[in-house]
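Input: a single structure, listed below in structure tokens.
Protein chains get the first letters and strands the later ones, always in sequence-line order, with residue 1 at the start of each. Values below: every heavy atom of this structure, side chains too, minus hydrogens, waters and symmetry copies. Since the structure is predicted, the reported quantities are computational estimates derived from the model, not experimental observations.
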Amino acid sequence: MISIKDLHKSYSIGNSSLHVLKGINFEVEKGELVAIMGSSGSGKSTLLNILGMLDVADEGDYILDQVPIKNLNETKAAKYRNQFLGFVFQSFNLINYKTALENVSLPLYYQGIKRKERQEIAMDYLDKVGLKEWSTHLPSELSGGQKQRVAIARALASKPKVLLADEPTGALDSTTSYEVMDLIQKINEEGNTILVVTHEEDIAQMCKRIVRLKDGVIIEDKKINQVLATSHV
Amino acid sequence: MFSRDRWSEIFETISKNKLRTFLSGFTVALGIFIFIILFGLGNGLKNTFQEFFLDDASNAIFLYPGRTSMPFKGFKANRRIEFKNDDLEDIKQNFTLFTEYITPRISRSALTKYKNESNTYSTRAVAPGHQFVEKTIIMKGRYLNQTDIDERRKSAVIGRLVAKDLFKDEDPIGKYIDVGSSAFKVIGVFQDEGGDNEERNIYIPYTTRQLLEKSTDRVDQIVVTFPKELGHAGAVAFETSLKKYFKDKKSIDPRDPNGIYIQNLTDDLKRSQQFAVVLQLIVSIVGLGTLIAGIIGISNIMVFVVKERTKELGIRKAIGATPKSVIQMILQESIFITTLSGYLGLFLGIVVLKNIGLRLEDYFIKNPFIDMGTAIAATVILIVFGAIAGYIPAKRAARIKPIVALRDE
């Protein structure tokens with residue numbers, strides 16, 4: 001599903017340049033649930049942003065579902081993001097003046113789906129994350145866990161090939177975190193490919209594979225025995 | 001542009017961001033409103049000015065007889081010069097190309113009575129051409145005509161206020177009034193833009209006046225109007241040759257500054273036109289200044305709006321909005337708001353201008369107005385600049401990477 005080879009990325013800070021990713025190689029198969037771990041500054045968020053086409057690599061190849069991702073202009077990147085990817089952010093990034101339902105249906109709007117159909121699909125996904133009766137609420141009226149579940153529903157609504165989650169539990173308490181991870185595990189069981197960036201060991205243990213980054217290189221990549229989130233609740 | 005889905009997305013955004021919508025709408029509406037009010041008031045000032053200075057025909061030359069101050073051709077100095085009816089004929093024949101209308105004017109003051117009402121009014125004995133000299137407007141009946149002159153009829157055209165004083169609500173046409181002990185038939189009522197005093201005049205045929213004054217053929221004044229195409233220089237030349245002609249005819253020393261006085265309105269006209277140009281300039285500068293202030297206002301608001309939405313735009317881009325759709329959304333929204341509020345301001349401005357119009361005459365502002373063309377052009381300019389002012393930051397916002405926009409708090 002995802003294949004990256006020899007990925008490099010530097011940021012220039014004033015006159016000096018910071019080499020964040022120093023040659024990353026890895027593959028992700030369809031249906032995997034991968035945790036990308038590392039301390040802050042290890043380059044894990046940068047890697048996720050490049051995978052999410054929110055940022056571009058300086059060097060290296062990135063192939064997503066047999067489509068080489070290169071020479072992207074903003075319009076093309078927007079189309080790929082819309083077709084291939086779903087995002088879940090640490091800070092939820094819901095549009096604050098739109099209701100839960102409208103937030104979930106927004107990616108479908110950019111896919112050009114008609115309003116009525118959009119709302120039906122969005123309602124299905126809200127139901128899936130257990131927030132059907134909250135559909136008319138604004139983000140400010142929802143708890144952190146609920147917001148993240150709306151964000152997950154939004155990410156799923158466009159039927160992405162890969163779901164990218166950047167510290168999805170970073171802003172949540174542990175009980176809520178486990179609920180969110182439980183949801184992510186269930187979505188994964190349905191055959192979705194999911195990448196989770198985290199620095200919490202217990203969250204990483206709930207995935208099926210852990211990739212550890214340190215100073216811009218992969219230091220460990222192993223499959224693990226998944227811990228079910230439900231066992232914590 | 002006309003997709004229903006996009007419009008509903010825009011209406012949603014507008015209705016859920018009321019403060020933002022209000023701010024940008026208010027700026028445009030206020031800008032247009034102030035522009036229309038100031039421009040209208042400026043026009044009102046111009047109207048007052050025109051009323052003050054341009055009431056009478058501006059293409060007129062007034063000739064007054066005087067007394068000579070130099071002996072000439074055997075005549076002594078201090079001789080009284082008089083105009084006669086044949087002078088009118090001579091002007092007509094010798095200056096055919098230069099004269100439009102020609103009329104004598106003999107002014108007298110007389111006690112005028114109708115039934116129990118009486119008052120003293122000034123009567124002006126004139127020829128039909130006088131109507132064009134004074135720009136007299138007939139409200140009822142008719143003005144003097146050539147038959148009145150030829151048959152020396154006792155016809156009178158009375159001013160609006162004369163009619164009001166003497167006749168109250170009665171219809172004056174066809175009634176007889178007593179002017180200085182002779183009965184005159186009222187044939188018309190007139191109004192005059194020149195104000196109340198002008199409307200307290202009574203016009204009668206000059207031949208009738210001459211008959212009443214023991215059949216003289218003397219006239220007090222002669223007024224000649226010339227075609228406007230003559231221009232200022234032509235009018236001055238006409239004046240000079242008129243003066244020369246009469247000095248010759250009346251045997252006055254060409255160097256004598258007295259004897260005949262000529263007043264040429266074209267000089268006044270030139271002066272007042274220059275003043276009008278300056279007034280127009282002031283009005284235009286005020287209008288332009290307001291418009292520029294409005295443009296700056298809407299530009300600031302648009303920059304602020306886009307800045308405020310940076311994060312939202314980042315989110316939209318992360319979930320699949322193309323830069324084009326982002327720009328389109330912002331532009332369509334801003335044009336929609338500015339158009340709506342622009343025309344609201346336009347409408348309000350015109351309504352207010354209409355309503356305050358009558359109350360400002362004491363402050364030298366008469367009938368303030370703005371022509372629709374100018375008002376709509378100003379509105380369109382503001383909308384276009386609002387769109388440009390929105391486009392530049394929108395384009396920048398659409399270009400920044402979503403990751404940067406998402407970090408924006």
Side-chain angles (χ1 to χ4, degrees), chain A residues 11 45-46 48-56 72-99 101-119 138-139 151 154-158 160 164 166, chain B residues 1-24 305-330 332-333 337 393-409:
Chain A
Y11 288 111
S45 285
T46 307
L48 195 79
N49 288 336
I50 291 171
L51 291 176
M53 294 175 236
L54 296 173
D55 208 344
V56 281
L72 284 182
N73 60 29
E74 275 294 342
T75 308
K76 220 164 160 189
K79 280 210 180 102
Y80 285 167
R81 278 198 293 269
N82 192 242
Q83 279 173 16
F84 295 151
L85 302 169
F87 290 95
V88 178
F89 301 94
Q90 179 179 359
S91 54
F92 322 126
N93 282 339
L94 299 174
I95 292 176
N96 55 19
Y97 63 85
K98 284 182 176 288
T99 64
L101 186 70
E102 288 164 347
N103 264 294
V104 175
S105 59
L106 199 59
L108 302 168
Y109 167 75
Y110 286 114
Q111 283 185 343
I113 293 170
K114 291 266 173 298
R115 186 181 186 82
K116 207 172 165 211
E117 204 185 331
R118 228 158 56 205
Q119 284 180 336
L138 292 173
R154 181 179 66 184
L156 291 174
S158 57
L164 300 172
D166 187 4
Chain B
M1 196 74 187
F2 297 104
S3 121
R4 202 178 133 241
D5 243 13
R6 195 178 298 154
W7 277 114
S8 61
E9 175 75 15
I10 281 165
F11 285 134
E12 219 166 83
T13 312
I14 287 174
S15 62
K16 285 181 179 167
N17 293 280
K18 292 200 174 66
L19 179 69
R20 192 166 77 201
T21 308
F22 173 76
L23 275 181
S24 39
V305 162
V306 173
K307 179 86 197 133
E308 191 212 36
R309 293 181 78 173
T310 306
K311 183 160 185 179
E312 181 203 328
L313 300 179
I315 297 171
R316 283 176 185 270
K317 286 184 77 180
I319 60 178
T322 57
K324 198 179 139 203
S325 75
V326 166
I327 294 172
Q328 254 177 7
M329 180 180 71
I330 292 177
Q332 211 168 326
E333 231 184 88
I337 295 172
K395 203 172 169 209
R396 202 183 308 140
R399 233 182 351 211
I400 48 175
K401 286 176 187 159
I403 191 69
V404 178
L406 285 174
R407 247 183 255 134
D408 184 88
E409 285 297 336

Could you pull out the closest heavy-atom pair between [X] and [Y], with the gap in Å?
| X | Y | result |
| --- | --- | --- |
| A:Tyr110 | B:Ser325 | CE2-OG, 3.6 Å |
| B:Pro323 | A:Glu74 | CG-CB, 3.3 Å |
| B:Thr322 | A:Ala78 | CA-CB, 3.7 Å |

Contact origin within [X] toward chain B - heavy atom pairs under 4.5 Å:
| X | value |
| --- | --- |
| A:Thr75 | both |
| A:Gln83 | neither |
| A:Tyr97 | both |
| A:Tyr80 | neither |
| A:Leu94 | backbone |
| A:Ile113 | backbone |

- Message: Heavy-atom cut-off 4.5 Å, strictly under: side chain, backbone, both or neither for B:Lys317 against chain A?
- Response: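 Answer is both: backbone and side chain atoms of B:Lys317 are under 4.5 Å from chain A.
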- Item | Interface moiety of B:Arg316 toward chain A, non-hydrogen atoms closer than 4.5 Å | both
- Message: Return the CD1 to NZ distance between A:Ile95 and B:Lys16, rounded to the nearest 0.5 Å.
- Response: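 Rounded to the nearest 0.5 Å, the CD1-NZ separation comes to 10.5 Å.
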- Any side-chain heavy-atom pair of B:Glu312 and A:Asn96 under 4.5 Å: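 They are not in side-chain contact.
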- With a 4.5 Å heavy-atom cut-off, do A:Arg154 and B:Ile315 have their side chains touching?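 The answer is yes, as the side chains (C-beta and beyond) meet within the 4.5 Å cut-off.
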- What residue in A:Val56, A:Asn73, A:Asn82, A:Leu85 has the most heavy-atom pairs under 4.5 Å with chain B?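 The answer is A:Asn82.
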- So which of A:Glu102, A:Gln111, A:Lys76 has the largest heavy-atom pair count under 4.5 angstrom toward chain B?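 Among the listed options, the one with the most contacts to chain B is A:Glu102.
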